[in-house]
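Chain A is the first sequence line, chain B the second, and so forth, proteins listed ahead of strands; every chain is numbered from 1.
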Amino acid sequence: MKAPPLLQATDLRVAYGKIEALYGVNLQVEPGSIVSVIGPNGAGKTTLLAALMGVLPLSGGRVEFAGRDVSKLSVEVRVAQGLSLVPERRELFGELSVEDNLRLGAFARLRRGERNAAGDLESIYARFPRLKDRRRQFAATLSGGERQMLAIGRALMARPKLLMLDEPSLGLAPLITREILHIVAELRDTGVAILLIEQNARAALQISDLGYVLETGEVALQGSATELANDPRVIESYLGLRSATPVAQT
Amino acid sequence: MNTDIALWMVQDGVVTGAIYGLMALALVLVFAVTRVIFVPQGEFVSMAGLTLGTLQLGQTPGTVYLLVGGGLLVAAVEMVQAARLGLLRQRLPRLILAWIILPVAMAMLVVWLAPHKLGSWVEMALTLGLIVPVGPMLYRIAYRPLANASVLVLFIVSMAVHYALTGIELAMFGGEGLRTNAISDWVLGSGSMKIGAQSIWVVSASVACMVVLWFFFERSLYGKALRATAINRVGARLVGISTDLAGRTAFLLAAAIGALSGLLMSPITTVYFDSGLMIGLKGFVGAILGGMVSYPLAVLGAVGVGLLESFSSFWASAYKETIVFTLLIPVLLWRSLTARHLVAEDEEE
């Protein structure tokens, strides 16, 4: 008997008014694995994560998380159950300090009365030493890479079982991108499952266990990350001639 | 004008300015967190003044019906929503406790204690207990269902809430004004330079309230959560701060600040059922001076409004309101010339 997946999306549908953005997407994430979703712009990748998080309402289908149907639950309740999203725009609290941003990341836990949440600050600082140097600065003063680290750190403060990352490398220099993806791979080893959306398909598939290719609101292909990386259609559309160029290129 | 009169007017201006300052704080708070321009803020002031006045006469204030009625309405709205989500059975016990049992218990306590005239402090505590819960109730009934509407729609709702509350106040307290007893009647100083105890109460309580708010926003988790919601609503939801919780807390604070202002002000001025609008609007002018975002500037602006009003009532008393509101025009012109980005942000939402 196999353990049930951590996240199971069944026939997921989302519509903006009358325009459907997702037509019946099925997706699974196993505990402790990294799953990548790749695909062209406008395929509905960001919509998919927003729908899984509850930021966007579903027009059909359902989301099960940790064995519970969470389709009707609010964003806040999903956060409390261990689902976290680092959105494309980071959505930090610019006029609060780095440390306050992190502390608020544990809001759901602190509200439940978990007093040890403050101790997690140190482990976040250990993972992102640069945030420690800047702990008293306003989040708005950080560089792009630091902002992404803060966004990930803030999400980790909630101790998620599943961390969803929307384009973590967007707007970052190749070196920082590699650093961030390296940290993502490390997080998996601490037991956090990751659902990753990434423009840099090659780098994403390199650290992933499974991959999905999303095209115009539907899953076009799915398989293990190595299968996808060697699939001729994927190579042509998403990896392209870059297969000859160095990995970190974005 | 001689120095004595000037000093007296400064004192008068600072005392009313302190009340306007509290209004301005509440308005900035509610706007930052919920984007609601809370026109009825002053209604908490008049309601608190009239409730305290009625209690001091040994009668039961009409506010008990407002509290119980509001509670029942919220309970009904919440039950319908819970039933739609299929969570009625889980939520029912808490709903009944929070919105029916507690308000009824508070109302019964007031009905029981009112005829005994237990003195200023008890009566003030009862007044706060009756009025503060009305804040979150208003949020739940009038604003929460429209939480994603535009600033303009929310403003129109505020106008409606203002008229509704003024009407309810007329029904509860009648058209007669009330003035409450001063907390203490000693006078500081002598001769021409006298400072009434109530003035000192007003200013020191306002300052204390501002210090408490400062600590709340700088030090406490919930204060930080409110600021986070004001800065980035999406980010706040993603860390588990619900818009609903933030809205309720903001309205709770606004009602508490309003009710406290009413307790402080009612011994100085006679309060009528419709006194609230003017007090709220003066605070609003102060808040505008602070750009609706800065707390210290809003308070300074409001104290400035108090001083301006005090001096203009000496030189041109017929025009005192005109002068205060005319001040808005140059300020708004200057603001709209310097703060383009605020408009852009608003359109984005």
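- Scanning all heavy atoms of the two residues, the minimum distance from L104(A) to A228(B) falls at CD1-CB, 3.5 Å.
- Rounding to the nearest 0.5 Å gives a distance of 12.0 Å between CZ of R237(B) and CD of E91(A).
- Atom CG in L238(B) sits 13.5 Å away from atom CZ in R90(A) (nearest 0.5 Å).
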### Task
Determine, stepwise, if the pair F93(A) / K224(B) fulfils side-chain contact (heavy atoms from CB on, under 4.5 Å).
CA-CA 10 Å; F93(A) 308 124; K224(B) 289 265 169 70; over 6 Å; no

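- Residue contact with chain A, scored on non-hydrogen atoms closer than 4.5 Å, involves the side chain of L245(B) exclusively.
- When M157(A), R154(A), R78(A) are compared by the number of non-hydrogen pairs under 4.5 Å with chain B, R154(A) comes out ahead.
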### Task
Mind running side-chain contact (heavy atoms from CB on, under 4.5 Å) on L73(A) and L85(B) for me, showing each step along the way?
CA-CA 9 Å; L73(A) 300 180; L85(B) 289 171; over 6 Å; no

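- F107(A) and V239(B) make their closest contact through CB-O, 3.8 Å (heavy atoms, listed as atom of the first residue, atom of the second, distance).
- The shortest side-chain heavy-atom distance between I241(B) and R111(A) does not fall under the 4.5 Å cut-off.
- Around the CZ atom of R94(B), the shell of radius 6.0 Å holds no more than 12 heavy atoms that belong to other residues, nucleotides or ligands.
- Within 6.0 Å of atom CG in L333(B), more than 12 heavy atoms from other residues, nucleotides or ligands are found, so the atom counts as buried in its surroundings.
- Note: F217(B) CZ to L96(A) CG = 11.5 Å, rounded to the nearest 0.5 Å.
- For a residue to count as touching a neighbouring chain, one of its non-hydrogen atoms must lie under 4.5 Å from one of that chain's; by this rule L92(A) touches chain B with the backbone only.
- There is no contact between A230(B) and chain A, counting heavy-atom distances below 4.5 Å.
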